[in-house]
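Right, one structure below, let's go through it.
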Amino acid sequence: MTNGLGGFMVSAGIVATGLAGIWAWPIVQNGGLSDRASGLYARLGLGDADASGSIVPPDNSGEGRLPRQAVSESLPPAQVRQPAPAAIVPPECEAAADSPDVTVPGDRIALRIFESSALAAPAGDGAPATDIVFERLDLSGIYDVAGTGTLSLPALGHVDVAGRPLACVEALVSRAAFDAMATQTMVSAAFDSRPPVLVRGAVRAPGSHGYSTGLTVARLLAQAGVLDDRDPAAQVRMIALRARQTELARTRASLSLERMRLRAALDGVGTLPADSPEVTAALALLGAERVTSEETALAAEIRAEGLRQTRTEATLADLAARIETAEQQRRVSETQADYYAARRAQQIEMLQNGFITDSRLDETAMRAMDAERIFLEKHDLLFRLQAERRLAQQDAELAGSERLRSVTAELRSITTALDAADSAFDTVMAELSLFAEDGLRLEVSIERPTDATRTERIAADMDTLIHPGDLVTILPVPLPEDEDLAEQAGDTPPPAPIQSASRE
């Protein structure tokens, strides 16, 4: 084993010597370690090497020479890069602005983030370090602006960009990258998609319309198509409105009839009043069969409630009779128990005087105990019957309360639906009345989100710029009578189709 270990050590020494020679050979070929040390010393301005291989300081003509072997190769590099400066955000980017070109919640922004890094020059050639720029694919991507107005970026956190143009978005993201990673970045931002503009009201194509830069109310109306009383499409709209009017009228009549039935059920009335306006309207719009079905349902509900009350009353009456009987039996058993108790006391005195025997006294004591037991049984039966009657009364009260709650909830739901139908019916009637007028003009209003929870309402004109995500409402407004007469007389020019801009 000793010879094997020695052989292994000899082999390891040979391999180490060979590796050291391979490492040292390029250095020896290029001038040796001393040449490299003298070169580094010269670059630092500390002195020059003479022919003998010693280094002479610049302020000494020959004294204080340092041998080349005393200079270390671990001298600091000739150039040291300073840390990258932080990204500068212009002051106008610190606060939100009001412009169509700023970011809003719902935007999709494409970000490309590039990072610069120093690439060291080869050792010994004296060249300065160079910069390389590469894209951070882990940070670049398409991001949504949340309802809070922020971008959620990996490793950078949330960046508030609502109300900022793209140039400010680039500066804010670059600053966030520097704060998070202490690196200099270049950011490129572009809109991938923007929230659509929503249009409603007197237009041919209500709904969602795409946003484009420079979109105004006039351009939006050209896309959606305006309806007026002379437009052929207005006739189609009026037909749809009349159909909707009939539908809402029937819905209102049906809900009113159901509400009347529920109220009659709560009041315990088994029939609907034939002279009420609700019944008259239901007969005209829904027919007699619908009214009859509601009256049948009301009669069935009243009958069911009557049967429940009758059954409850019968149960309580039966329990009352049983309680009265149990009370009588308890009184009889109590009288009997008292009789045997008094007789037993009398026989105890007679036994002491020798008039009766012990067996007769024992017989009387047994009868007294039986009478006491019967009294306790009758007393317990009376308590159980009284408890059963109380439970029956509570069940009847709970059933009545549950019925009242159910009918009230149904009545509340029907009332809510009826109010909604009334509101929709009034809207349809108002629009029909506007189409029936001889003169119309349009009123345009814009509802613009200011943050995640609030909106701003703006009265617009033809040149008002549209922002992404705006809700534009176009309503026809009848001309006042004096303006209509003036227009017919030709004294004044016709009114503008859209009111002048103002901010509410």
Side-chain angles (χ1 to χ4, degrees), residues 80-120 129-198 207-215 446-456 458 465-472:
V80 179
R81 293 183 56 86
Q82 299 296 326
I88 299 176
V89 178
E92 59 270 15
C93 295
E94 298 294 343
D98 185 12
S99 170
D101 297 327
V102 300
T103 58
V104 297
D107 278 333
R108 291 175 59 87
I109 299 180
L111 294 179
R112 298 189 67 187
I113 301 177
F114 300 87
E115 181 179 336
S116 61
S117 179
L119 180 63
T130 59
D131 290 340
I132 60 171
V133 178
F134 58 93
E135 183 175 1
R136 290 293 300 268
L137 298 178
D138 57 331
L139 300 179
S140 301
I142 299 176
Y143 299 95
D144 295 332
V145 180
T148 56
T150 61
L151 288 175
S152 180
L153 304 177
L156 304 185
H158 296 276
V159 181
D160 187 8
V161 298
R164 276 80 167 182
L166 290 177
C168 292
V169 173
E170 295 172 352
L172 291 171
V173 173
S174 181
R175 183 176 66 180
F178 184 83
D179 294 341
M181 302 180 297
T183 58
Q184 185 70 33
T185 57
M186 293 171 289
V187 181
S188 172
F191 288 116
D192 182 72
S193 64
R194 309 216 65 184
V197 179
L198 304 179
S208 176
H209 291 263
Y211 173 80
S212 59
T213 304
L215 182 65
I446 298 174
E447 293 184 16
R448 181 168 298 159
T450 56
D451 54 30
T453 58
R454 294 178 298 176
T455 59
E456 179 185 21
I458 301 172
L465 288 174
I466 302 296
H467 290 198
D470 281 353
L471 173 60
V472 183

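Along the sequence shown, the residues carry numbers beginning at 1.
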Next on the checklist: If you apply the rule side-chain contact (heavy atoms from CB on, under 4.5 Å), what do you find for Leu151 with Val145, and how did you get there?
Outcome noted: CA-CA 5 Å; Leu151 288 175; Val145 180; 3.8 Å; yes

Checklist entry - Any sub-3.5 Å donor-acceptor pair from Ser140's side-chain atoms to Arg136's backbone N or O? => result yes

Checklist outcome for this item: So OG1 of Thr148 and CG of Asp160: to nearest 0.5 Å the spacing works out to 7.5 Å

Checklist outcome for this item: Correct closest heavy-atom pair for Leu156 and Ala176 would be CD2-O, 4.0 Å

Checklist entry - Can any side-chain N or O of Thr185 pair as donor or acceptor with the backbone N or O of Glu115 at less than 3.5 Å? => result no

Item to check | Heavy-atom closest contact (Thr183 atom, Phe178 atom, distance) | outcome: O-CD1, 3.5 Å

Item to check | Minimum heavy-atom distance Pro195-Val104, with the two atoms named | outcome: CG-CG2, 3.9 Å

Checklist entry - Could you give the distance from CG (Asp192) to CG (Leu111), rounded to the nearest 0.5 Å? => result 10.5 Å

Checklist outcome for this item: When rounded to the nearest 0.5 Å, the distance separating CZ of Arg112 from CG of Leu139 is 13.0 Å

Item to check | N/O donor-acceptor pair under 3.5 Å between Thr150 side chain and His158 backbone | outcome: no

Checklist outcome for this item: Given the options Ile466, Thr455, Leu465, Val197, Ile446 meets side chain to side chain contact (heavy atoms under 4.5 Å, CB included) only with Ile466

Item to check | Rounded distance [0.5 Å steps], CZ in Arg194 versus CD1 in Ile109 | outcome: 8.0 Å

Next on the checklist: To check you understand the geometry: which heavy-atom pair defines the closest contact between Tyr143 and Pro154, and what is its length?
Outcome noted: OH-CD, 3.5 Å

Checklist entry - How close do Pro105 and Ala146 get, heavy atom to heavy atom, and via which atoms? => result CB-O, 3.4 Å

Checklist entry - How many angstroms lie between CE in Met186 and CD1 in Ile113, if you round to the nearest 0.5 Å? => result 11.5 Å

Item to check | Straight-line distance of Asp470 CG to Arg448 CZ, nearest 0.5 Å | outcome: 4.0 Å

Checklist entry - Taking C-beta and beyond as the side chain, do Arg164 and Leu172 meet within less than 4.5 Å on heavy atoms? => result yes

Item to check | Side-chain heavy-atom pair Ser193, Asp107 within 4.5 angstrom cut-off | outcome: no

